[in-house]
Amino acid sequence: MNPILECRDLHKRYGLKEALCGINLQIEAGHITGLLGPNGSGKTTLIKMANNLLTPSSGEILINGKKPGTESKQIVSYLPERTYLASWMKVHDIIRYFTDFYKDFDPTCAYEMLRNLQIDPDDKLKTMSKGTREKVQLILVMSRHAMLYILDEPIAGVDPAARDYILKTILSNYNENAAILISTHLISDIESILDHVIFLQNGTVKLQATVDEIRENEGRSVDSLFREVFRC
Amino acid sequence: MLRKIMKYEWTATARVLLPVYAILMLITLIGRIESAAGVFHSKDKLASILSQISFSVYVLLIMAAGFITLIYLLIRFYKSMFTDEGYLTFTLPVKPATLLNGKVLVAFCWMILDMVLVCLSIFILAVSPKTFAELQKGMLEISGELAKVGLSISELVIWVVIFVIVGAFSCILAITASLSLGQLSNKHKIAMSVVSYIGMSILTQVVSTYILSMSSFNSFLENIEKTGFSLPAFHQFMYFSLFVSILFTVMYYLITYFIISKKLNLE
């Protein structure tokens with residue numbers, strides 16, 4: 001079986017600056033992987049390439065054995081680190097939009113989560129706070145039965161109570177054949193749900209291990225290891 | 001998928017453009033009622049000032065409708081493709097070609113609708129019992145003149161329709177191509193779009209003048225001055241102009257397509 005996400009000697013240059021320098025990694029189905037690293041380490045660049053929003057300078061990135069394209073977009077559910085919904089739309093409209101375009105989108109699931117987080121589907125995005133908008137996006141992304149969820153900073157803008165609900169949702173919504181890749185700075189908040197971690201630094205993979213390995217070998221949490229590895 | 005893309009593109013644009021056209025038609029109707037009530041021929045000073053103002057507003061509105069249509073289509077394309085919304089647009093499981101075709105076709109419909117409504121509006125304001133008779137008389141005169149040089153009025157109408165269609169596509173795709181070229185820049189996306197648009201316009205002018213000079217365009221103009229209208233020269237001129245317009249339109253399409261499928265550079 002193909003790994004769900006694979007990078008082979010992946011490079012990305014912006015002009016003279018090299019954002020990613022030879023990334024090699026594999027993500028298998030059934031795991032939650034944390035993509036961790038300081039600002040500017042290349043996390044978002046990597047994620048954008050997996051979603052075909054950027055093209056590699058050299059090397060390749062494969063989703064389920066294929067280059068990113070229309071097929072990969074059907075199986076990847078992507079949460080960008082910004083608001084990508086048109087502000088004049090109502091939540092209802094957006095749900096209809098997702099139902100129309102993504103075969104694996106489950107509107108019942110989306111409406112249930114909206115109810116639980118007390119978000120009115122008749123509200124326009126424009127009238128919502130930034131945190132609420134982020135919640136709506138996360139609900140949309142997690143309401144797909146995708147094979148790979150890529151979440152770029154999913155909890156950065158929401159309050160701790162909603163954070164717990166969202167993490168619970170992430171855990172309960174994905175099936176064991178799917179994989180999740182989460183990029184974040186807030187390691188301690190999500191550490192409990194991670195199986196694997198990848199540390200990125202200056203465009204290279206600094207460390208790749210399971211959370212259990214880190215706890216056994218290093219005898220401490222991912223959060224404290226991160227703080228040491230990336231000490232300024 | 002093309003149908004779905006077009007459906008959402010239509011809803012997104014109609015929200016702004018339909019009210020604009022509704023206002024245009026409303027003002028047209030008010031003008032029509034005013035003129036029926038004889039306001040425009042009234043001796044009353046106030047009424048005559050009012051009628052002049054409403055006429056100026058009307059002319060401005062007709063121009064504004066076309067301008068707003070074009071500007072809004074431009075903003076919509078830019079926003080949905082190259083700003084944050086692009087993150088959703090480009091992660092839909094839709095081929096870049098389908099995305100582009102859907103957007104361009106909807107934009108085309110709006111431009112045609114704008115032209116049709118402006119014509120309709122002028123017609124509503126100008127129509128009177130005598131209009132049809134006058135129109136018929138005028139048409140007969142024109143077709144009589146055209147027949148002398150061997151050109152039928154239906155042929156002329158077909159040429160106009162073809163050039164309106166090609167012109168609308170060319171206008172839309174020149175905008176999409178320059179916006180796409182502009183977003184290749186890492187820092188000055190909008191400035192680069194403007195520069196690309198100007199650059200492309202100059203290039204288009206130079207190349208089309210060059211190509212037309214190879215046709216009998218110049219001799220066509222000379223002939224008109226010396227020996228009068230020549231049908232074969234007219235045809236050659238029209239075919240060449242059409243060829244040049246289509247050539248550039250296709251080039252604009254390919255530039256846009258290449259950039260959004262291979263060179264996407266979202267911030």
Side-chain angles (χ1 to χ4, degrees), chain A residues 12-17 19 44-45 47-57 63 67-90 93-94 96-105 124-125 133 136-137 140-141 144 146 148-150 152, chain B residues 1-19 72 75-103 106 180 183-189 192 257-267:
Chain A
K12 179 68 191 177
R13 280 176 289 272
Y14 297 107
L16 290 174
K17 204 177 140 239
T44 298
T45 302
I47 285 175
K48 276 157 87 173
M49 273 195 269
N51 288 291
N52 206 15
L53 296 173
L54 283 176
T55 32
S57 304
I63 307 287
K67 286 199 170 142
T70 315
E71 267 177 75
S72 77
K73 289 170 188 174
Q74 283 170 348
I75 58 167
V76 176
S77 191
Y78 166 51
L79 179 79
E81 94 284 32
R82 45 186 80 211
T83 313
Y84 66 4
L85 302 170
S87 59
W88 54 271
M89 285 178 112
K90 287 180 180 172
D93 304 330
I94 297 164
R96 221 170 292 133
Y97 188 80
F98 270 65
T99 317
D100 246 359
F101 281 105
Y102 297 109
K103 282 187 216 124
D104 58 5
F105 185 78
K124 281 188 181 177
L125 267 289
R133 255 179 273 170
V136 172
Q137 289 196 166
L140 292 168
V141 167
R144 284 181 59 191
L148 173 62
Y149 298 86
I150 300 181
D152 199 352
Chain B
M1 278 298 176
L2 181 68
R3 204 183 52 82
K4 287 180 191 168
I5 291 286
M6 287 182 73
K7 181 177 110 186
Y8 284 100
E9 190 62 19
W10 187 262
T11 355
T13 41
R15 164 183 89 82
V16 172
L17 293 178
L18 279 187
Y72 185 69
I75 292 174
R76 164 75 191 160
F77 187 83
Y78 182 76
K79 270 195 89 173
S80 66
M81 304 288 254
F82 301 134
T83 63
D84 289 354
E85 285 175 38
Y87 281 81
L88 181 55
T89 312
F90 284 113
T91 46
L92 294 174
V94 177
K95 290 198 189 79
T98 314
L99 206 59
L100 179 60
N101 295 346
K103 284 175 177 289
V106 169
S180 311
Q183 71 96 43
L184 291 178
S185 156
N186 281 329
K187 283 179 188 154
H188 311 285
K189 291 181 192 293
M192 275 306 290
Y257 175 72
F258 176 74
I259 291 173
I260 64 168
S261 58
K262 297 271 188 315
K263 292 275 164 204
L264 206 55
N265 182 26
L266 297 183
E267 261 168 37

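Residue numbering restarts at 1 for every chain, and letters A, B, ... go by the order of the sequence lines. Predicted model, so just to flag it, every value in this text is computed and none were measured.
The environment of B:Lys79 atom NZ is sparse: at most 12 non-hydrogen atoms of other residues, nucleotides or ligands sit within 6.0 angstrom. More than 12 heavy atoms of other residues, nucleotides or ligands shown are found within 6.0 angstrom of NZ on B:Lys189.
With chain A as the partner, the residue from B:Thr11, B:Ile5, B:Asp84 showing the most heavy-atom pairs under 4.5 Å is B:Asp84. Here B:Leu92 is the residue among B:Leu264, B:Leu266, B:Leu92 with the most heavy-atom pairs under 4.5 Å with chain A. Of the listed residues (B:Met1, B:Arg15, B:Lys263), the one with the most heavy-atom contacts under 4.5 Å to chain A is B:Arg15. Between chain B and the options A:Ala86, A:Ser77, A:Pro68, heavy-atom pairs under 4.5 Å are most frequent for A:Ala86.
Between B:Phe77 and B:Phe82, the ring planes lie perpendicular to each other; the angle is over 60°, past the 30° to 60° tilted range.
Heavy atoms of A:Lys48 lying under 4.5 Å from chain B belong exclusively to its side chain. Heavy atoms closer than 4.5 Å to chain B are found in both the backbone and the side chain of A:Phe101. The contact between A:Phe98 and chain B is made entirely by side chain atoms (from C-beta outward), counting heavy-atom distances below 4.5 Å. The contact between B:Tyr8 and chain A is made entirely by side chain atoms (from C-beta outward), counting heavy-atom distances below 4.5 Å. Heavy atoms of A:Asp100 lying under 4.5 Å from chain B belong to its backbone as well as its side chain.
A:Ser57 contributes a side-chain N or O that, together with a main-chain N or O of A:Arg13, makes up a donor-acceptor pair within less than 3.5 Å.
Counting all heavy atoms, side chain and backbone alike, A:Thr55 lies closest to B:Lys262 at OG1-O, 3.2 Å.
Residues A:Leu140 and A:Tyr102 are not in side-chain contact: their nearest non-hydrogen atoms beyond the backbone lie 4.5 Å or more apart. Looking only at side-chain heavy atoms (C-beta outward), B:Phe90 and B:Met81 come within less than 4.5 Å of each other.
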